[in-house]
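Working notes for the structure below.
Index from 1, following the sequence.
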Amino acid sequence: MRKDLEGFVTPDSEEASLLDRLDFANIPHHVAVIMDGNGRWARKRGLPRIEGHKAGSKSVKEIVETGARLGIGVLSLYAFSKENWKRPKREVERLWRLLRDYLRKEYRSLMENDLRFRVIGQREGIPDLVVAEIERVEELTKNNGRMTVVLALNYGGRSEIVDAVRRILREKNIGPADVDEDQIARFLYTEGLPDPDLLIRTSGEFRVSNFLLWQIAYSEIWITPVLWPDFRKIHLMQAVLEYQKRDRRFGDVHPQKGHPA
């Protein structure tokens with residue numbers, strides 16, 4: 001994977017120094033990101049909140065490229081929570097329009113770079129034109145295998161677990177004793193994906209905000225004060241380097257490298 005980063009970082013820069021310290025045999029397979037701080041970024045500059053979201057979309061583009069070059073297998077981005085519907089109607093409408101425009105522009109890049117696109121969350125309530133664009137890009141990229149980009153939209157961790165239980169009751173004729181962790185995991189929105197190894201939160205907030213509550217049980221957490229529109233490849237590399245310093249025990253007394261069996 002080191003070869004994929006040639007020319008991507010400036011020689012003799014801090015980024016190059018970080019790159020030299022990374023262990024490419026221990027890159028987290030699944031990185032999840034709570035992208036926070038768009039509104040504060042705009043407010044600091046006296047700009048409308050939507051300008052913060054537009055700036056944040058540039059961070060998404062850079063972090064997706066960086067993740068693929070580092071060899072990350074799955075990159076999950078928390079883009080729109082169920083609670084975000086409480087925001088002003090005009091802001092919500094512009095957010096959906098921004099997402100639709102982003103997908104229309106970026107699907108070619110996803111195809112060229114062998115990236116798969118997948119959305120998790122409840123699609124009911126998302127504007128029809130946005131859902132159509134989501135499904136189009138998911139279908140176009142379904143056979144791509146370099147990295148999976150997961151976008152959490154209209155998503156809530158508690159709702160995901162409730163939906164999983166409802167699906168089990170609806171589709172399975174089983175008794176309470178037959179319901180176990182594996183059974184529930186197969187009915188989550190993230191079915192087929194590994195749990196996150198690393199959870200990143202921007203803007204310095206110390207909470208998980210109802211994101212992947214089931215899946216982050218053993219995730220390493222890295223919090224940065226950097227606002228999402230300012231988050232760049234150097235910050236992702238810092239997070240991965242910090243992850244590599246951690247001892248992952250998964251309840252055992254002996255640290256484990258890499259991922260749980």
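For the residue pair G52 and P229, the shortest heavy atom distance occurs at O-CG, 3.7 Å. P28 and I72 get closest at one heavy-atom pair: O-CG1, 3.7 Å. Minimum heavy-atom separation, F211 to L77: CZ-C, 4.5 Å. The nearest pair of heavy atoms linking V240 to L22 is CG1-CD2, 3.9 Å. Taking all atoms of both residues into account, the shortest heavy-atom contact from L19 to L5 is CD1-CD1, 3.4 Å. The two atoms that bring N38 and G56 nearest to each other are OD1-CA, 4.0 Å, heavy atoms only.
The hydrophobic cluster around I50 extends to none of the other residues, as no ILVMFWY side-chain heavy atom falls under 4.5 Å of it. Side-chain contacts under 4.5 Å among hydrophobic residues (ILVMFWY), followed directly or transitively, place L129 with no other residue at all.
Residue pairs meeting the salt bridge (Lys or Arg N to Asp or Glu O under 4.0 Å) criterion with at least one member in residues 17-35, sequence neighbours excluded, are R2-D20. Residue pairs that meet the salt bridge (Lys or Arg N to Asp or Glu O under 4.0 Å) test with at least one member in residues 109-132, sequence neighbours left out, are R123-E135, R123-E138. Sorted by first then second residue, the side-chain hydrogen bond (donor to acceptor under 3.5 Å, both in side chains) pairs that include residues 150-168, not counting sequence neighbours, are W85-N154, Q122-D163, Y155-E160, E160-Q215, D163-Y189.
The OG atom of S81 sits 7.0 Å away from atom CZ of R87, with the distance rounded to the nearest 0.5 Å. Between the CD1 atom in I63 and the CD1 atom in I200 there is a gap of 8.0 Å [rounded to 0.5 Å]. Of the inter-residue distances, the one linking Y102 atom OH with H53 atom NE2 reads 15.5 Å to the nearest 0.5 angstrom. Taking CG of D101 as the start and CD of E133 as the end, the distance is 9.0 Å to the nearest 0.5 Å. The CG atom of L188 lies 10.5 Å from the CG atom of L193; values are rounded to the nearest 0.5 Å.
With sequence neighbours excluded, the residues that form a side-chain contact (heavy atoms from CB on, under 4.5 Å) with L140 are Y107, M111, R136. For S59, the side chain to side chain donor-acceptor pair (under 3.5 Å) partners are R232, not counting sequence neighbours. In this structure R45 satisfies the side-chain contact (heavy atoms from CB on, under 4.5 Å) test together with W41, L47, D230, sequence neighbours excluded. Partners of R207 by side chain to side chain donor-acceptor pair (under 3.5 Å), not counting sequence neighbours, listed by chain and number: E205. Annotation: side-chain contact (heavy atoms from CB on, under 4.5 Å) contacts of Q183 (sequence neighbours excluded): I168, K172, I174, D180, R186, F187. Qualifying side-chain contact (heavy atoms from CB on, under 4.5 Å) partners for N113, counting only residues two or more places apart in sequence or in other chains: S109, L115, R146. Checked against side chain to side chain donor-acceptor pair (under 3.5 Å), H235 has no partners two or more places apart in sequence or in another chain.
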Exercise for review: Please report the C-alpha distance between L70 and F8 in whole Å, then the side-chain angles of each, then the deciding distance to 0.1 Å, and finally whether the side chain to side chain contact (heavy atoms under 4.5 Å, CB included) criterion is met.
Suggested key: CA-CA 11 Å; L70 286 174; F8 189 59; over 6 Å; no
Point to revise | Stepwise side chain to side chain contact (heavy atoms under 4.5 Å, CB included) test for L169 and V165 | key: CA-CA 6 Å; L169 293 175; V165 173; 4.1 Å; yes
Check your understanding: Can E93 and R90 be said to form a salt bridge (charged side-chain N to carboxylate O under 4.0 Å, His left out), step by step?
Key -> CA-CA 5 Å; E93 290 174 345; R90 178 171 172 78; 5.8 Å; no
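With T202 contributing its side chain and D36 its backbone, the two residues share a donor-acceptor pair below 3.5 Å.
Other residues, nucleotides and ligands contribute only 12 or fewer heavy atoms inside 6.0 Å of the CZ atom of R108. Applying the 6.0 Å contact sphere to CD of E171 captures more than 12 heavy atoms from other residues, nucleotides or ligands.
For E91 and R94, the salt-bridge test fails: no basic side-chain N is under 4.0 Å from an acidic carboxylate O.
Two residues are said to be in side-chain contact when any heavy atoms from C-beta on lie closer than 4.5 Å; V92 and N84 fail this criterion. Put simply, the side chain of L241 does not reach to within 4.5 Å of the side chain of M237, judged on heavy atoms. I120 has its side chain within reach of L212: a pair of non-hydrogen atoms, C-beta onward, lies under 4.5 Å apart.
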